[in-house]
Protein chains: 2
Amino acid sequence: MKSQAAPECQRCAFREFSLFKNCQHEELEGMNENKCFHTYKKGQVIFHEGNRPFGLFCVFDGKVKISRLNSDGKEHIIRLAKPGDTLGYRSLIENAKYTASAVALDDTQACFLPASDFNNLIDSNVKVANDLMKMLAKALGDSQERMIHLAMKPVRERLAEALLLLRSTYQQKDESAPFSISISREDLAAIVGTAKETVIRFLSEFKEDGIVTSHGSTITIVKPDRLLKISQLYD
Amino acid sequence: MKSQAAPECQRCAFREFSLFKNCQHEELEGMNENKCFHTYKKGQVIFHEGNRPFGLFCVFDGKVKISRLNSDGKEHIIRLAKPGDTLGYRSLIENAKYTASAVALDDTQACFLPASDFNNLIDSNVKVANDLMKMLAKALGDSQERMIHLAMKPVRERLAEALLLLRSTYQQKDESAPFSISISREDLAAIVGTAKETVIRFLSEFKEDGIVTSHGSTITIVKPDRLLKISQLYD
DNA sequence: TTCAAAAAATGATATAAATCACTTTATACA
DNA sequence: TGTATAAAGTGATTTATATCATTTTTTGAA
């Protein structure tokens with residue numbers, strides 16, 4: 001991975017889509033001073049379940065999974081993060097240890113903002129505090145939605161949904177080409193909440209139906225509308 | 001149900017455990033003026049999935065389930081509310097329709113605070129806004145925890161967990177007597193995320209082991225420590 | 001380009017839980 | 001207090017998905 005100069009918060013392309021969209025210029029300058037730029041190779045741990053959070057991570061490049069392991073070593077992916085997304089804010093607000101780990105799914109770059117700066121920011125800037133509140137509310141809604149689907153939808157529909165989630169999360173803007181992503185069957189199973197063999201079988205079915213194609217671990221979504229229909233069979 | 005005078009916010013016994021614990025006296029007086037006291041019979045709907053929220057509900061007495069139905073009519077209970085708990089805050093913050101319904105599990109009384117009062121309150125009182133943020137963070141953590149367990153734990157363990165959740169939510173303070181609750185097997189199944197017959201079977205097992213007893217729909221938890229162990233088999 | 005290791009794919013089998021059909025027991029109301 | 005209705009409980013069967021075993025394909029390094 002080639003080394004790269006740390007980006008400036010003030011000019012960060014993702015700022016306007018991030019928690020920091022309503023920061024003032026001086027606040028951004030302060031953040032930029034105190035932040036710390038990190039790079040992670042694919043598979044590397046960004047933070048670990050059970051550890052204390054010392055600040056907030058903001059993804060600059062790459063893909064991140066936030067997941068939990070049970071004692072059998074089985075993993076469940078709680079959410080996915082993309083550039084501009086923040087990691088660890090819930091633990092910071094609750095002032096509690098991480099309940100999940102963050103792992104890079106690709107080579108990833110992220111900025112780290114110390115907890116004190118984060119706390120000062122939300123104490124001093126009401127807009128940011130409000131945005132954070134809305135972020136929490138949205139995350140809560142998303143989480144409840146996934147909980148419901150886990151309880152009520154069969155694997156086939158949840159897989160269709162997971163593929164659409166990957167698409168909506170990681171698809172480049174204004175790209176008309178079909179969406180492709182390289183993801184292991186094991187990670188996909190950990191999103192869906194099933195076994196990897198089961199994912200493979202339903203994926204094969206989708207391939208037979210011409211809904212997706214795949215080469216190795218790369219999956220291409222050919223007919224997203226069909227996936228949408230499948231995911232909504234029992235809504 | 002005998003009619004009862006609306007309680008005053010200023011003197012509400014649940015205030016110090018509620019979102020309003022850091023309200024100033026004048027704020028409480030204002031709330032008390034504008035709030036509206038409602039009573040609901042067991043089974044009655046407090047608000048309905050898909051409707052627009054016009055304010056915040058604060059439970060004064062009784063038990064409430066917040067749940068969603070799918071198109072098959074299958075229900076899943078997202079959370080339980082007790083006196084002092086607020087309902088509908090997520091939808092208000094997101095300024096979106098309810099994504100779940102609230103239904104009284106017992107005869108219930110609740111106060112309704114208009115949305116404008118709620119919004120004014122969190123805009124003007126930083127402490128309350130902060131408490132609300134923490135409430136959201138906690139709810140998000142709880143939701144993710146349940147999501148993980150739904151994905152990873154078998155029904156027996158989730159049932160043990162559900163029984164302990166009922167206990168920790170509805171047990172009276174400083175009560176040394178074993179905890180009892182009247183709840184239909186169907187509602188219990190909707191918390192656990194399984195079929196009612198499956199709940200009944202595992203309950204029978206728990207009864208044979210002397211962990212719980214039951215008469216009709218009333219379940220008594222005799223050995224909560226055993227339930228805790230069962231719920232943690234795979235943690 | 002070859003080769004070893006990892007990951008995807010496929011098949012056979014086991015298992016947890018859902019569903020269906022029915023009986024027994026509680027509840028509430030006339 | 002008896003009786004209708006609803007809910008709890010039980011048994012038999014089906015089904016979705018997990019698990020285990022194995023083969024095939026992909027990947028990445030020598």
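Hydrogens, waters and symmetry mates are skipped; everything else that's a heavy atom, side chains included, is used. A, B, ... follow the sequence lines: proteins, then strands. Residue 1 opens every chain. These numbers come from a predicted model, not from an experiment.
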Figure out the NZ/C1' separation between B:Lys74 and C:dA18, and round it to whole Å. 8 Å
For B:Phe112, does the six-membered ring have the charged nitrogen or CZ of B:Lys35 within the cation-pi criterion, i.e. under 6.0 angstrom from the centroid and within 45° of the normal? no
So which of B:Lys42, B:Lys65, B:Lys196 actually passes salt bridge (Lys or Arg N to Asp or Glu O under 4.0 Å) with B:Asp187? B:Lys65
Separation of D:dA8 atom C1' from B:Asp187 atom CG, nearest Å, is 14 Å
Of all the choices, D:dA18, C:dA8, D:dC20, which nucleotide is nearest to the side chain of A:Ser217 once you look at every atom? C:dA8
If you assign B:Ser204 and A:Gly193 each to the DNA chain D nucleotide with the nearest heavy atom, which residue ends up on the more 5' nucleotide? B:Ser204
Measure from the side chain of A:Thr198, starting at C-beta and using heavy atoms only, and say which of D:dT17, D:dA8, C:dA17 lies closest. D:dT17
Starting from the 5' end of DNA chain C, give me the residue, B:Lys42 or B:Glu197, whose nearest nucleotide shows up first. B:Glu197
Residue met sooner reading DNA chain D from 5', once A:Val155 and A:His215 are mapped to nucleotides: A:Val155
Rounded to whole Å, please give me the gap between CD1 in B:Ile183 and P in C:dA26. 19 Å
Can you measure B:Ile200 atom CD1 to C:dA26 atom P for me and round it to whole angstrom units? 13 Å
Do B:Arg201 side-chain and C:dT19 base share a donor-acceptor contact under 3.5 Å? yes
Options D:dG9, D:dT17, C:dA8, nucleotide nearest the side-chain atoms of A:Thr194: D:dT17
What orientation do A:Tyr98 and A:Phe47 show, parallel under 30°, tilted 30 to 60°, or perpendicular over 60°? parallel
Which whole-number value in Å describes the distance from B:Asp72 CG to C:dC20 P? 11 Å
Sub-4.5 Å side-chain heavy-atom contact between B:Ser214 and B:Leu203: no
Has B:Lys207 got a side-chain N or O lying under 4.0 Å from the OP1 or OP2 atom of D:dG9? yes
Under the salt bridge (charged side-chain N to carboxylate O under 4.0 Å, His left out) criterion, do B:Arg11 and B:Glu8 qualify, and how do the steps go? CA-CA 5 Å; B:Arg11 302 171 192 200; B:Glu8 284 197 319; 3.1 Å; yes
To the nearest Å, how far apart are A:Arg185 CZ and D:dT24 C1'? 14 Å
Rounded to the Å, how far apart are B:Lys153 NZ and C:dA16 C1'? 17 Å
Between C:dA8 (P) and A:Glu186 (CD): distance, integer Å: 8 Å
